[in-house]
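Report on one structure; see the data block that follows.
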Amino acid sequence: MTESNPNRQLHLTAFMRPVSLHTGAWRYPGSYPDANFNFKHISAFAQKLEAAKFDAFFMADHLAVLNMPIEALKRSHTVTSFEPFTLLSALSSVTEKIGLAATASTTYDEPYHVARRFASLDHLSGGRAAWNIVTTGNPESSKNFGFDEHMAHSDRYKRAREFYDVVTGLWDSFADDAFTRNVETGEYLDPEKLHVLNHEGDEFKVRGPLNIARPPQGWPVIVQAGQSEPGRQLAAETAEVVFCSPKDLESAKELYADIKGRVEKAGRDRDSLKLLPAALLIVGEHKQDAWEKRLKLDSLVHYDSAIASLSVVLGLDASKLDPDGPLPTHLPETNGSKTARESVEKVAREEGLTVRQLAQRQGGFSGLTFLGSPEEIADEMEIWLHEEASDGFTCVFPFLPQGLDEVTEKLIPELQRRGLFRKDYAGSTLRDHFGLVRPENRFFSKP
């Protein structure tokens, strides 16, 4: 364990749409099977996270039913979910400090819509909104918006970059003091403090101005989730928080160094961007206890859908393998991803998993996982923070409500005891929580 640095603390957001990324979560004993689509449960989760002083409640979003075989889809708890702005607007009325982050697509939406929705959410919440910029990777989404083909990857990122410029320009339509509301003179708005955007670019033509006052945060916090080459560059130029998925400490350190370096080359302060890898947190009394919870959770992933997931990664029909035997050491070569396959083979070898267990791991949640006692998980988080692998984590809960309660009631106090996490919020906005400056209005400089 490394020495704690009192000047550097973790930032923690909670990945809450779906309420758990593990596909077996809804079947875990004592869990709420309908938690992903039950406002009473979700509002209680948000309030617990706020009591624990989490930075933000984070919602991913999909514009289509997930593209998977029906045998797998029928077992998924992510088939339906609330529309993000509707849910977060409702949550803003039952919370006071926690940030409210949502995904909005730059591929299948328009800048004016997105600017208006996030400005509204920022006002409703008193400055707690964050926009997760995504280019939408699911090709099935195109069919819900009148397109037979999904937009090419490079074109999606080109559109996203201009989309960001338009949205932020619209947020700056009014100076912060534009609305005089002078009852005596009858002047509600100072017309000198209104800017018409008149944007004309390769992708968009948007006149403006936005018909909403400048958001309390100036701009809602900008989140970005891509790890591809164009995704990293877009993050370096625009993002303030990066949601990412490195598999281990070394790959996280490489990603951290690369994106932070790009941030500096873009002329920005490296601390103006926070990297928060997704991590599944399984808290137990000790390592073995947490491990048994993991095995139980994985066992709840139905084998029919689990083996299909493993087949995709291995690049062969894994259903022909002995489900209760070890993964063969000499599998035939395929044209699939060697990196993904080698990662799965490594897990099978190091943990001694059977084909069935490996398939259920792959079909459940195969990403970064911290499991053990609160002290053991805190040790790992501390290493990641001080070795510059992350600025914190996007926390994924294994099952709810128990998994969330174990984090907020056991892990968070341990992190606070070490000085690694706040005991109270320093301010009221999400920018305050992340230590981010409020951007100046590009069209109206301060007097």
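Keep in mind that this is a model prediction, so the values were computed, not measured.
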- Message: The test is ring pair (Phe, Tyr, Trp, His ring centres under 6.0 Å); show your working for F85 and F118 and say whether it passes.
- Response: CA-CA 8 Å; F85 290 94; F118 276 104; 4.7 Å; yes

- Item | Carboxylate-amine/guanidinium contact K158 E162, below 4.0 Å | no

- Donor-acceptor pair, side chain of S89 and main chain of T86, under 3.5 angstrom: no

- Query: Side chains of S272 and E240: does their closest heavy-atom pair fall under 4.5 Å?
  - Reply: no

- Query: Ion pair present between E285 and K410, side-chain N to carboxylate O less than 4.0 angstrom?
  - Reply: yes

- Task: Begin with the C-alpha distance, continue with both residues' side-chain angles, and end with the deciding distance and a verdict on side-chain hydrogen bond (donor to acceptor under 3.5 Å, both in side chains) for R17 and S81.
- Result: CA-CA 8 Å; R17 194 285 180 188; S81 181; 2.7 Å; yes

- Query: Which pair of non-hydrogen atoms, one from L210 and one from L170, has the smallest distance, and what is that distance?
  - Reply: CB-O, 3.4 Å

- Over all heavy atoms of both residues, which pair between V94 and S43 is shortest? Give the atoms and the distance, please. CG2-CB, 4.1 Å

- Message: So does A104 get a backbone contact from the side chain of W131, meaning a donor-acceptor N/O pair under 3.5 Å?
- Response: yes

- Message: For the aromatic rings, using the six-membered ring if either is Trp, is the centroid distance between W384 and Y256 under 6.0 Å?
- Response: no

- Item | Considering all heavy atoms, the nearest Q362-V344 contact | OE1-CG2, 3.4 Å

- Task: Give a yes or no answer on whether the side chain of R438 reaches the backbone of P216 with a donor-acceptor pair at less than 3.5 Å.
- Result: yes

- Is any side-chain heavy atom of R422 closer than 4.5 Å to a side-chain heavy atom of H433? yes

- Query: In terms of side-chain geometry, is the basic nitrogen of D155 or R159 positioned less than 4.0 Å from the acidic oxygen of its partner?
  - Reply: no

- Task: Report yes if the side chains of T180 and L189 come closer than 4.5 Å at any heavy-atom pair, otherwise no.
- Result: no

- Message: Regarding E342 and K247, does a basic nitrogen lie under 4.0 Å from an acidic carboxylate oxygen?
- Response: no

- Query: Any salt bridge between E50 and K97, counting N to O under 4.0 Å?
  - Reply: no

- Query: Under 4.5 Å between any side-chain heavy atoms of L281 and L411, yes or no?
  - Reply: yes

- Message: Checking I377 against V407 for the side chain to side chain contact (heavy atoms under 4.5 Å, CB included) test, could you report, in this order, the C-alpha distance in whole Å, the side-chain angles of both residues, the deciding distance, and whether it holds?
- Response: CA-CA 10 Å; I377 295 176; V407 169; over 6 Å; no

- Please name the pair of heavy atoms, one in E440 and one in D172, separated by the smallest distance, quoted to 0.1 Å. O-OD2, 4.2 Å

- Item | Validation row: L280, P398 side chains within 4.5 angstrom (heavy atoms) | yes

- Query: Per the side chain to side chain donor-acceptor pair (under 3.5 Å) rule, which among Q9, H11, K260 passes with D391?
  - Reply: K260

- Donor-acceptor under 3.5 Å (D432 side chain, T429 main chain): yes

- Stepwise, does the side chain to side chain contact (heavy atoms under 4.5 Å, CB included) test hold for L49 with M16? CA-CA 11 Å; L49 291 164; M16 296 300 294; 4.1 Å; yes

- Which pair of non-hydrogen atoms, one from P374 and one from G284, has the smallest distance, and what is that distance? CD-O, 3.6 Å

- State which residue, out of F365, F243, F397, F45, fulfils the ring pair (Phe, Tyr, Trp, His ring centres under 6.0 Å) condition with F15. F243

- Ignoring hydrogens and angles, tell me if any N or O in the side chain of D424 forms a donor-acceptor pair with the backbone of K53 under 3.5 Å. no

- Distance-only, no hydrogens or angles: does the H123 side chain make a donor-acceptor pair with backbone N or O of A213 under 3.5 Å? yes

- Polar side chain donor-acceptor pair, R128 to T95, under 3.5 angstrom: yes

- Just checking, is any N or O donor in the side chain of Q233 or E237 under 3.5 Å from an acceptor N or O on the other one? yes

- Query: Does the pair R117/E83 count as a salt bridge with the N-to-O cut at 4.0 Å?
  - Reply: no

- Message: Atom CZ of residue position R116 - does it have more than 12 heavy atoms of other residues, nucleotides or ligands inside 6.0 Å?
- Response: no

- Message: Taking R232's backbone N and O only, do any of them form a donor-acceptor pair with Q227's side chain (distance below 3.5 Å, no angle check)?
- Response: no

- Would you indicate whether the side-chain heavy atoms of H386 and L420 approach each other to under 4.5 Å? yes

- Would you mind checking if R418 and E382 are paired as a salt bridge, meaning a charged N to carboxylate O distance below 4.0 Å? yes

- Query: Does the R270 side chain pair with the main chain of E264, one donor and one acceptor, at a distance under 3.5 Å?
  - Reply: no

- Query: Any chance the side chains of H22 and D298 put a donor and an acceptor closer than 3.5 Å?
  - Reply: yes

- When you check the side-chain N and O atoms of Q402 and S31, is any donor under 3.5 Å from an acceptor? yes

- Return yes if some donor-acceptor pair links the side-chain N/O of Q360 with the main-chain N/O of V301 below 3.5 Å, else return no. yes

- Message: Is it true that E376 and H286 share a donor-acceptor pair across their side chains at a distance under 3.5 Å?
- Response: no

- Message: Would you say T13 and T394 are linked by a side-chain donor-acceptor pair, where the criterion is simply a distance under 3.5 Å?
- Response: yes

- Item | Closest heavy-atom pair and its distance - R442, T168 | NH2-OG1, 2.6 Å

- Looking only at atom types and distance, does a side-chain atom of K193 sit under 3.5 Å from a main-chain N or O of D176, one as donor and one as acceptor? no

- Query: Looking at side-chain heavy atoms only, is the closest gap between P220 and W171 below 4.5 Å?
  - Reply: yes

- Beyond-backbone contact of F163 with E110, side-chain heavy atoms, under 4.5 angstrom: no

